[in-house]
Enquirer: 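Structure in structure tokens, see below.
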Number of protein chains: 2
Amino acid sequence: MSSRVLIIEDDPVIRRFVRSSLETEGCEVFEADCAGRGLIEAGTRQPELLILDLGLPDRDGLEVIRDVRSWSRIPIIVLSARTQESEKVAALDAGADDYLVKPFGVPELLARVRAQVRRQASMAVGEQAVFGFGDVTVDMIRRRVTRAGEEVHLTPIEYRLLTALIRGHGRVLTHRQLMTDAWGPGYAERTHYLRIYMKQLREKLEQSPAQPAHLLTETGVGYRLLS
Amino acid sequence: MSSRVLIIEDDPVIRRFVRSSLETEGCEVFEADCAGRGLIEAGTRQPELLILDLGLPDRDGLEVIRDVRSWSRIPIIVLSARTQESEKVAALDAGADDYLVKPFGVPELLARVRAQVRRQASMAVGEQAVFGFGDVTVDMIRRRVTRAGEEVHLTPIEYRLLTALIRGHGRVLTHRQLMTDAWGPGYAERTHYLRIYMKQLREKLEQSPAQPAHLLTETGVGYRLLS
DNA sequence: CAAGCGCGTAAAGATTGCGTTAAGAAAATT
DNA sequence: AATTTTCTTAACGCAATCTTTACGCGCTTG
């Protein structure tokens, strides 16, 4: 993980405890035992994650959240002994990203830290989700399908059917499964539609639609997409 | 808040319950009662947040998380009756952003939804100042649109619609998405406005408005700006 | 070998969605 | 207050899409 994490927590036991857990994960950890010091550390150390105790001696935790949020968007995970729902709501609405009630398990804390860091990191770059088979490319984000570079137009149902097949690629998907996925529940019995739409997909995507290489029939069961 | 939220949950009671809570917050809500259908909805509805029950009938919730994560980064909030820490860790590490144990309080759920949506929004794509397609230039800062050097006058809604298309250029944007972006929530259903305003934009920006090269129709789905 | 089943293919009908026009209502400008 | 601009509503024809119907082929089975 190797992130820079700042802990603002007045209880030295918990602080050291959380610190060592994070360090075994490969994080670089900074500490502060009160709000004033914490805000300074946050400004100078430029951490990528903030773990904040709400019950600080010098100032209310909510103030700290608002202060940090006025100049930064780093993820904030709140630790607190207060279990009241209103406390959670207040902290989250003040700008916290997660709220963990004490006592908490270290594995859960670490998992939540990982989740926040991962998210932060993944925001940085714009990747794209594309699935390919043969000379076909399916861009799930742009909702675009190309064949040999040329864009292929699919109708709404054709597209939904294709994505259903992609999600289970390799596996055999039953008629009913595909029908409810692409058409919705209540259409499960009209499996005849599948034959019509599979033909259209083959026509648009297969090299020789009569001898499909990827959109395969599993007689008596359903269909399967081979990538 | 006005976000598009997809709920994948097999228990119809909880589903309706969560749905109405979200709707009073101004969200547009979609539902699915199983994993297969949920994944299709996620791919075609383009929600901004996913609320996922781990105990689905047809597939394991973790699989759903991984599947979605393979092509999307939308925030995922997991609901589950399982309180075991290992379950939480597994879900978070699979790609979930938050984990809420049933039974949960609605205010807390809503606060966590707000936190996720807020974060998502603040991360929003590094907006570039000027965008161009064909012989058209759009300066988002000066709010100026030119075509072949000549300034083009756009009405407020025309401009908002255009910038909504630009924000998702390349992607297919659904009718509802464009409506809420350009008109605001509450107008999601009046998709026929789009036809009128798309015509006006084409008239003002396309070389041959009847055969648009950039402002494309995706029948049954929405529109797309090709740069 | 004939009957039945599942699948592929084709084409016509029904439905939905889109483009287009025009005119009235509301808002902004003068 | 008058005028212009912009937004909303309604209506209609056409195109895209979905659904229905029909038929032929190959395979299995009695």
Side-chain angles (χ1 to χ4, degrees), chain A residues 143 145 151-162 164-165 172-184 186-225, chain B residues 40 44 143 145 151-162 164-165 172-184 186-225:
Chain A
R143 195 198 177 283
V145 180
E151 177 155 7
V152 178
H153 174 72
L154 296 187
T155 72
I157 287 194
E158 283 166 8
Y159 182 79
R160 288 171 71 109
L161 178 56
L162 179 59
L165 287 162
V172 180
L173 301 170
T174 65
H175 297 121
R176 303 179 63 96
Q177 211 165 345
L178 290 169
M179 285 308 296
T180 51
D181 282 2
W183 273 261
Y187 284 73
E189 315 300 333
R190 316 201 181 172
T191 54
H192 173 64
Y193 290 5
L194 275 179
R195 296 206 274 283
I196 295 164
Y197 279 82
M198 285 303 296
K199 173 179 166 59
Q200 310 206 58
L201 282 180
R202 284 168 174 161
E203 209 69 53
K204 290 181 177 179
L205 303 178
E206 288 276 5
Q207 292 228 331
S208 46
Q211 291 89 38
H214 301 99
L215 299 163
L216 308 181
T217 301
E218 297 286 339
T219 308
V221 185
Y223 293 87
R224 183 157 62 99
L225 172 62
Chain B
I40 298 298
T44 53
R143 199 202 172 283
V145 180
E151 178 155 7
V152 179
H153 174 71
L154 296 187
T155 74
I157 287 195
E158 283 166 10
Y159 182 77
R160 294 179 56 148
L161 179 56
L162 180 59
L165 286 162
V172 177
L173 301 171
T174 63
H175 299 119
R176 307 172 78 99
Q177 212 164 345
L178 289 169
M179 285 307 297
T180 49
D181 280 6
W183 274 262
Y187 284 73
E189 315 297 334
R190 317 196 182 175
T191 53
H192 54 282
Y193 288 9
L194 274 180
R195 297 206 277 279
I196 296 164
Y197 280 82
M198 285 302 296
K199 174 181 166 56
Q200 321 227 57
L201 283 180
R202 283 168 175 161
E203 211 69 52
K204 291 181 178 178
L205 302 177
E206 286 275 5
Q207 293 227 330
S208 47
Q211 291 90 36
H214 301 99
L215 299 163
L216 308 180
T217 301
E218 297 285 339
T219 309
V221 185
Y223 293 87
R224 182 157 62 97
L225 172 62

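By convention in this document, chain letters (A, B, ...) are assigned in the order of the sequence lines, proteins followed by strands, and residues within each chain are numbered from 1. Please read these numbers as outputs of a predicted model, since none were measured by experiment.
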Enquirer: Can you name the salt bridge (charged side-chain N to carboxylate O under 4.0 Å, His left out) partners of A:Glu151, sequence neighbours left out?
Expert: A:Arg144, B:Arg224
Enquirer: State, to 0.1 Å, how close A:His175 and A:Gly222 come at their nearest heavy-atom pair, and which atoms those are.
Expert: NE2-CA, 3.5 Å
Enquirer: Run the salt bridge (charged side-chain N to carboxylate O under 4.0 Å, His left out) test against A:Glu206 and tell me which residues pass, sequence neighbours left out.
Expert: none
Enquirer: Provide, to the nearest angstrom, the distance between the CD atom belonging to B:Gln211 and the C1' atom belonging to C:dG19.
Expert: 12 Å
Enquirer: Kindly list each side-chain donor-acceptor pair under 3.5 angstrom involving residues 190-197 of chain B, sequence neighbours excluded, with atom names and distances?
Expert:
| from | atom 1 | to | atom 2 | distance (Å) |
| --- | --- | --- | --- | --- |
| B:Arg190 | NH1 | B:Tyr193 | OH | 3.2 |

Enquirer: CG of B:Leu154 to CG of B:Leu205: how many Å apart, nearest 0.5 Å?
Expert: 6.0 Å
Enquirer: Starting at the 5' end of DNA chain D and moving along, which residue's nearest nucleotide shows up first, B:Tyr193 or A:Tyr197?
Expert: B:Tyr193
Enquirer: Mind checking the CG-CH2 spacing from A:Leu161 to A:Trp183? Nearest 0.5 Å is all I need.
Expert: 5.5 Å
Enquirer: To the nearest Å, give me how far apart CG (B:Leu201) and P (C:dT20) are.
Expert: 13 Å
Enquirer: Between the protein and nucleotides 6-11 of chain C, which nitrogen or oxygen pairs are less than 3.5 angstrom apart?
Expert:
| from | atom 1 | to | atom 2 | distance (Å) |
| --- | --- | --- | --- | --- |
| C:dC7 | OP1 | A:Gly220 | N | 2.7 |
| C:dG8 | OP1 | A:Arg202 | NH1 | 2.8 |
| C:dG8 | OP1 | A:Arg202 | NH2 | 3.4 |
| C:dG8 | OP1 | A:Thr217 | OG1 | 2.5 |
| C:dG8 | OP2 | A:Tyr223 | OH | 2.6 |
| C:dG8 | N7 | A:Arg195 | NE | 3.4 |
| C:dA10 | OP2 | A:Lys199 | NZ | 3.2 |

Enquirer: Just so I know, are the side chains of A:Val172 and A:Tyr223 near enough to count as touching, which here means a heavy-atom distance under 4.5 Å?
Expert: no
Enquirer: Just verifying a value: how many Å separate A:Met198 CE and A:Leu216 CG, rounded to the nearest 0.5 Å?
Expert: 8.0 Å
Enquirer: Using the C1' atoms of five pairs at each end, what's the angle between the two axes of the helix from C:dC1-D:dG30 to C:dT30-D:dA1, to 10 degrees?
Expert: 30°
Enquirer: Does a donor on one side chain sit under 3.5 Å from an acceptor on the other, for B:Thr174 and A:Arg143?
Expert: no
Enquirer: Taking heavy atoms of chain B and a 4.0 Å limit, find me the 5'-most and 3'-most nucleotide of DNA chain D within that range.
Expert: D:dT6 to D:dT17
Enquirer: Can you check whether B:Ala182's main-chain N or O pairs, donor with acceptor, with B:Arg160's side chain at less than 3.5 Å?
Expert: yes
